[in-house]
Number of protein chains: 2
Amino acid sequence: MDGEKISRRKPRSDGQRNRQHLLDTAKAAFQSGETDIPLDEVARRAGVGIGTLYRHFANRDALIEAVYRNELDRLAAAATQLAGTHPPVEALRAWMLLFVDYIAAKQVIAPALNGLVGGTCALYAASAEIIKGTIDGLVSRAVKNGDIRPDLDPLDFLRALVGVSNVAAAPGWEASARRLVDILIAGSQPPTASQSRT
Amino acid sequence: MDGEKISRRKPRSDGQRNRQHLLDTAKAAFQSGETDIPLDEVARRAGVGIGTLYRHFANRDALIEAVYRNELDRLAAAATQLAGTHPPVEALRAWMLLFVDYIAAKQVIAPALNGLVGGTCALYAASAEIIKGTIDGLVSRAVKNGDIRPDLDPLDFLRALVGVSNVAAAPGWEASARRLVDILIAGSQPPTASQSRT
DNA sequence: TAGATATGCGGAGGATTACTCCGCTTAACA
DNA sequence: TGTTAAGCGGAGTAATCCTCCGCATATCTA
């Protein structure tokens, strides 16, 4: 059923180059706040025709997704690296802070994550499992180590981070985001010495 | 400079009625997920012409804002009431949970709050101060009572709630939101018996 | 009640944007 | 170097936002 078209030829070099130009142009535009830039304009800035844009990306959403996919994958890769070099709860904390830094540098991620955790729209569906698996691995390792209460859904952390990233435009947001990371970790510790609610 | 036009006549009854019809129609559409419904369609469903819609609401954003304004104001009113009947930290907690319930019932609020805390777009600016004042009052009362660390920005809580509300579409989001409220409160307590992070 | 008039209604239509289609160009292969 | 198909470009179509202006009617005055 899954008719995979096997191409005998190597993909054309100019095609790949144009595709990359389009991605770079769109990413730059989104980062600078031009989120609803006309696609004609994206094509023009990338130095290609509008037809070429639509050849590579079926519609606006497909282009946006392609831009965000790459960023999310890099974030997931960082988590794997952190998990190998830090104790569990530190890895979790470090990744969440990295998350914040990442958003600080490139505010492109927020909508992607929103769609990711929301899960309703088919957009970003491909990366969803990767990121979910990432946070799941970090949290479950911290739980096994006794640093985090076991009754928490790892997705809770992701949801909180998504929230932070969604308000990235506010002036003092970055400090706020760092505080929230610590609050989340502090509030998720098992009730050893302190008294938890109820 | 602020040339306020003083109208001698009472506003026409049909005008007010049509405006309300438009608001109700738009609200219903947004709640049912038709967020990018054409405005022509909104006007049609409301039984008025497109010109009438634009007479009452300058553009799409103005219509959306008008829909959300009312919801936010009601939320702020609830906080005032809670503050008068509950001890500080309980009032904060109750309001945050009410927030969650409110979103559960009507998922209309999320984008409004996003714009509110983000602050960049002029949208929702009018309600921003109201909600900010609301959370500020709740948190500062809890701080004075010694339930919450004093080094937290009240907006942090708002930002976290906005995050929760932005992912309201996911299946298990409601339980997650409640857990997050408790995590936030637990993580915000002053370090009395337990040891806080650095 | 009837006339005057400003407030409000309605929808045609201009401008903008998303997306399609198809003939031409050019990189990959023999 | 010739063949071939992958890829390019932009004119054109459809959908949507928003404006404009003549017509209708609710409110006010007498």
Side-chain angles (χ1 to χ4, degrees), chain A residues 3-30 32-68 111 115 121-123, chain B residues 3-30 32-68 111 115 121-123:
Chain A
E4 189 73 14
K5 181 81 70 60
I6 296 177
S7 66
R8 304 164 19 254
R9 290 195 181 187
K10 201 169 64 178
R12 281 173 58 154
S13 55
D14 57 346
Q16 304 234 288
R17 206 175 353 158
N18 281 336
R19 183 190 161 90
Q20 195 58 46
H21 281 168
L22 284 166
L23 280 176
D24 292 344
T25 304
K27 183 167 151 185
F30 294 156
S32 67
E34 293 281 339
T35 50
D36 45 3
I37 182 176
L39 293 190
D40 312 45
E41 177 67 15
V42 173
R44 208 184 54 72
R45 290 189 195 171
V48 304
I50 182 65
T52 300
L53 188 151
Y54 277 98
R55 163 165 294 276
H56 286 293
F57 309 101
N59 52 30
R60 180 182 205 89
D61 284 346
L63 172 61
I64 295 175
E65 183 198 0
V67 169
Y68 294 160
C121 60
L123 255 181
Chain B
E4 188 73 13
K5 180 80 71 59
I6 296 177
S7 65
R8 304 166 15 258
R9 291 193 180 188
K10 201 170 62 175
R12 282 173 54 156
S13 55
D14 56 346
Q16 304 233 288
R17 205 173 351 144
N18 281 337
R19 184 189 160 89
Q20 195 58 46
H21 281 168
L22 284 167
L23 280 177
D24 292 344
T25 304
K27 184 167 152 186
F30 294 156
S32 66
E34 292 282 338
T35 50
D36 45 1
I37 183 176
L39 294 190
D40 311 48
E41 177 67 14
V42 172
R44 208 185 52 75
R45 288 189 196 172
V48 304
I50 183 64
T52 300
L53 188 151
Y54 278 97
R55 163 166 294 276
H56 286 294
F57 309 101
N59 52 29
R60 179 181 205 90
D61 285 345
L63 172 61
I64 294 174
E65 184 198 0
V67 170
Y68 294 160
C121 60
L123 255 182

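Here is the naming used below: chain letters follow the sequence lines, and residue numbers restart at 1 for every chain.
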Step by step, work out the side chain to side chain contact (heavy atoms under 4.5 Å, CB included) result for A:Asp14 and A:Arg17.
-> CA-CA 5 Å; A:Asp14 57 346; A:Arg17 206 175 353 158; 3.3 Å; yes

Could you go through the side chain to side chain contact (heavy atoms under 4.5 Å, CB included) check for B:Thr52 and B:His56 one step at a time?
-> CA-CA 6 Å; B:Thr52 300; B:His56 286 294; 3.9 Å; yes

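Residues B:Arg45 and B:Ile37 have side chains in contact (heavy-atom distance under 4.5 Å, counting atoms from C-beta outward). You'll find the side chain of A:Glu65 stays beyond 4.5 Å of the side chain of A:Phe57, heavy atoms only.
With hydrogens and angles ignored, a donor-acceptor pair closer than 3.5 Å exists between the side chain of A:Arg12 and the base of D:dA6.
A straight line from CZ of A:Phe57 to P of D:dC8 spans 11 Å, rounded to a whole angstrom. Between the CZ atom of A:Arg60 and the C1' atom of C:dT20 there is a distance of 17 Å, given to the nearest Å. As a whole-Å value, the separation of B:Gln20 CD from C:dG8 P is 15 Å. Residue A:Glu41 contributes atom CD, which lies 16 Å from atom C1' of D:dG10 at whole-angstrom precision. In this structure, the CZ atom of A:Arg55 is 13 Å from the C1' atom of C:dT26, given to the nearest Å. Between the NE2 atom of A:His21 and the C1' atom of D:dC8 there is a distance of 15 Å, rounded to whole Å. Atom CZ of A:Arg19 is separated from atom P of D:dA6 by 17 Å (rounded to the nearest Å). Distance CG (B:Leu53) to C1' (C:dG8): 14 Å, rounded to an integer number of Å.
At the heavy-atom level, A:Ser13 lies under 4.0 Å from the strands shown only through sugar-phosphate atoms. Among the atoms of the strands shown, base atoms are found under 4.0 Å from some heavy atom of A:Gly51. Backbone-only contact: B:Leu39 has heavy atoms under 4.0 Å from sugar-phosphate atoms and none from a base.
In terms of position along DNA chain C, the nucleotide closest to B:Asp14 lies nearer the 5' end than the nucleotide closest to the other residue of the pair B:Asp40 and B:Asp14.
Nearest to the side chain of B:Ile50, among D:dG10, D:dG7, D:dT19, sits D:dT19. Here the nucleotide nearest the side chain of B:Lys10, chosen from D:dC8, C:dC19, D:dT27, is D:dT27. For B:Thr52, taking side-chain heavy atoms from C-beta onward, the closest of the listed nucleotides D:dC18, C:dC19, C:dC9 is C:dC9.
Screening A:His21, A:Lys27, A:Gln20 for a side chain to side chain donor-acceptor pair (under 3.5 Å) involving A:Asp24 leaves a single residue, A:Gln20.
Here A:Asn18 does not reach the OP1 or OP2 of D:dG7: none of its side-chain N or O atoms lies under 4.0 Å away. Note on A:His56: a side-chain N or O is less than 4.0 Å away from OP1 or OP2 of D:dC8.
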